[in-house]
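One structure below.
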Amino acid sequence: MIQVNQDICVGCLRCLNVCNFRVFDPVDGRVAANPKRGCMGCMHCAAVCPMGAISWNGEPAAHEEVESYDDNIKEQLVRLVRQRRSYRHFREHPVDEEILKEALELVSWAPSAKNQHPTKWIVVRSKERMDDMMEKILAWIDETGTSAEIAEEYQHGNNVVMGTASTLILAYAPDDAVNPKQDTAIAMATLELLLQSQGVGTCWGGYLTRMLNAVPTLREDFALPAGHSFYGAFMLGYPQDEDYLRVPRRLKQADITWK
Ligand SMILES: Cc1cc2nc3c(=O)[nH]c(=O)nc-3n(C[C@H](O)[C@H](O)[C@H](O)COP(=O)(O)O)c2cc1C
């Protein structure tokens, strides 16, 4: 629960002005949080409080003071956006656990509908498990005749579901979250940039996501809770024999209507 320390508050009203849901009231020259209003825990109030007077369940509701960016931040970001690529061929070595953990933690600062952050992650680093998943996918395709091109490509040594990933990240969320699909896509787009900035190759697994939801044995293996679905997946690893030397041309330009 959000609270304002009345001994510190100077009544500047910045928290009140920034709050998206009118959680704060001015009281006797200070500000008090009304527990009956729907606080979504975005902590913007704490981020603007010059006194550090805002807490969440008794703990400080904000971290360190913000810092300005280096002068070349824009150039670096543009480079990352243009040079990020989909990687499908990887070395055997799984991605360092610390890199993954740090990136997944950082994704909590991406935006999400009503600040719900509904996405949960499963990191698969066992080659045996990946082989087992692939076996189950191929058996299901054989049985149902769905997505036959996956089996066809696989026979030719091309795994369009996982590439030669050393690691998989599977993203799932409750279906009744406010916006699980977009929240997961935003989290994954953020994650991808963070990982690629550290030399980790990633590729969105559209096929993989579809298979995770469609193949009943996979849902069972991962003990997907009822009312949840997979909303995205990455194949990833340290790239092998896949050095992109140039930024590829894009055939589509931004289609913008100015009003
Ligand atoms: C939602 C989504 C699903 C995708 N699914 C697959 C997939 O199943 N297999 C694959 O090899 N690439 C997949 N991709 C990667 C795209 O093919 C790739 O982003 C596109 O060709 C552009 O290449 P680039 O990412 O290197 O710029 C997917 C991308 C997105 C955004």
Side-chain angles (χ1 to χ4, degrees), residues 76-91 95 103-104 107 110-113 118-124 129-131 133-138 140-141 144 146-173 175 177 179-215 218-219 222 229-255:
Q76 290 283 311
L77 255 181
V78 168
R79 201 179 295 170
L80 181 57
V81 168
R82 281 166 59 85
Q83 295 186 184
R84 176 217 58 81
R85 287 281 71 74
S86 294
Y87 292 85
R88 299 173 178 97
H89 306 288
F90 306 96
R91 288 193 264 138
V95 179
L104 288 167
V107 163
S112 74
T119 310
K120 297 170 199 201
W121 310 98
I122 297 170
V123 180
V124 181
R129 185 179 273 272
M130 282 183 237
D131 290 344
M133 288 169 69
M134 213 47 226
E135 258 177 46
K136 284 173 174 154
I137 289 168
L138 292 169
W140 182 82
I141 289 170
T144 62
T146 315
S147 303
E149 74 277 15
I150 293 178
E152 165 109 29
E153 286 297 318
Y154 194 78
Q155 274 172 6
H156 289 88
N158 181 25
N159 186 340
V160 293
V161 179
M162 304 181 185
T164 59
S166 66
T167 309
L168 302 175
I169 293 183
L170 320 179
Y172 68 100
D175 301 320
N179 208 333
K181 201 171 175 181
Q182 264 167 299
D183 287 345
T184 302
I186 292 165
M188 288 182 61
T190 308
L191 181 64
E192 178 168 57
L193 292 178
L194 282 165
L195 291 175
Q196 294 220 0
S197 73
Q198 297 168 85
V200 177
T202 51
C203 183
W204 291 70
Y207 272 129
L208 179 55
T209 310
R210 202 183 324 151
M211 291 300 121
L212 284 162
N213 286 316
V215 181
L218 289 183
R219 290 176 67 101
F222 288 111
S229 301
F230 289 99
Y231 285 93
F234 278 137
M235 47 186 118
L236 63 151
Y238 297 108
Q240 181 169 50
D241 303 331
E242 214 171 0
D243 293 332
Y244 293 108
L245 304 177
R246 293 173 189 274
V247 174
R249 194 178 135 196
R250 281 301 195 226
L251 297 179
K252 291 204 173 154
Q253 305 294 309
D255 182 339

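Computed over heavy atoms, backbone and side chain alike; hydrogens, waters and symmetry mates excluded. Counting starts at 1 for both ligands and their atoms, following the listed order.
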Ligand 1 N/O within reach of G206 N/O, cut-off under 3.5 Å: yes
- request: To the nearest 0.5 Å, tell me how far T184 OG1 sits from Q182 CD.
  value: 10.0 Å
task: Around atom 19 (O) of ligand 1, find the nearest protein heavy atom and jot down its residue, atom name and distance.
output: S86 OG, 3.2 Å
query: Do T164 and Q240 have side-chain atoms, one donor and one acceptor, less than 3.5 Å apart?
result: no
task: Step by step, work out the ring pair (Phe, Tyr, Trp, His ring centres under 6.0 Å) result for Y87 and Y244.
output: CA-CA 10 Å; Y87 292 85; Y244 293 108; 5.2 Å; yes
Proximal atoms of ligand 1 relative to R84 (non-hydrogen, under 4.0 Å): 24 (P), 25 (O), 27 (O)
field: Closest protein heavy atom to atom 7 (C) of ligand 1, given as residue, atom name and distance to 0.1 Å
entry: W204 O, 3.4 Å
- prompt: Where does C203 meet ligand 1, judged by heavy-atom distances below 4.0 Å: at the side chain, the backbone, both, or neither?
  reply: side chain
task: Evaluate side chain to side chain contact (heavy atoms under 4.5 Å, CB included) for L208 paired with L170, printing each intermediate quantity in order.
output: CA-CA 9 Å; L208 179 55; L170 320 179; 4.1 Å; yes
- request: Among all protein heavy atoms, pick the one closest to atom 12 (N) of ligand 1 and tell me residue, atom and distance.
  value: R88 NH2, 3.1 Å
- prompt: Below 4.0 angstrom, N of the basic side chain to O of the carboxylate: do R88 and E242 qualify?
  reply: no
task: Measure R250 to ligand 1 on non-hydrogen atoms and call it side chain, backbone, both or neither using the 4.0 Å cut-off.
output: side chain
query: Is it the side chain, the backbone, both or neither of V160 that has a heavy atom closer than 4.0 Å to ligand 1?
result: backbone
field: From D175, T119, N213, T209, residue fulfilling side chain to side chain donor-acceptor pair (under 3.5 Å) relative to Y231
entry: D175
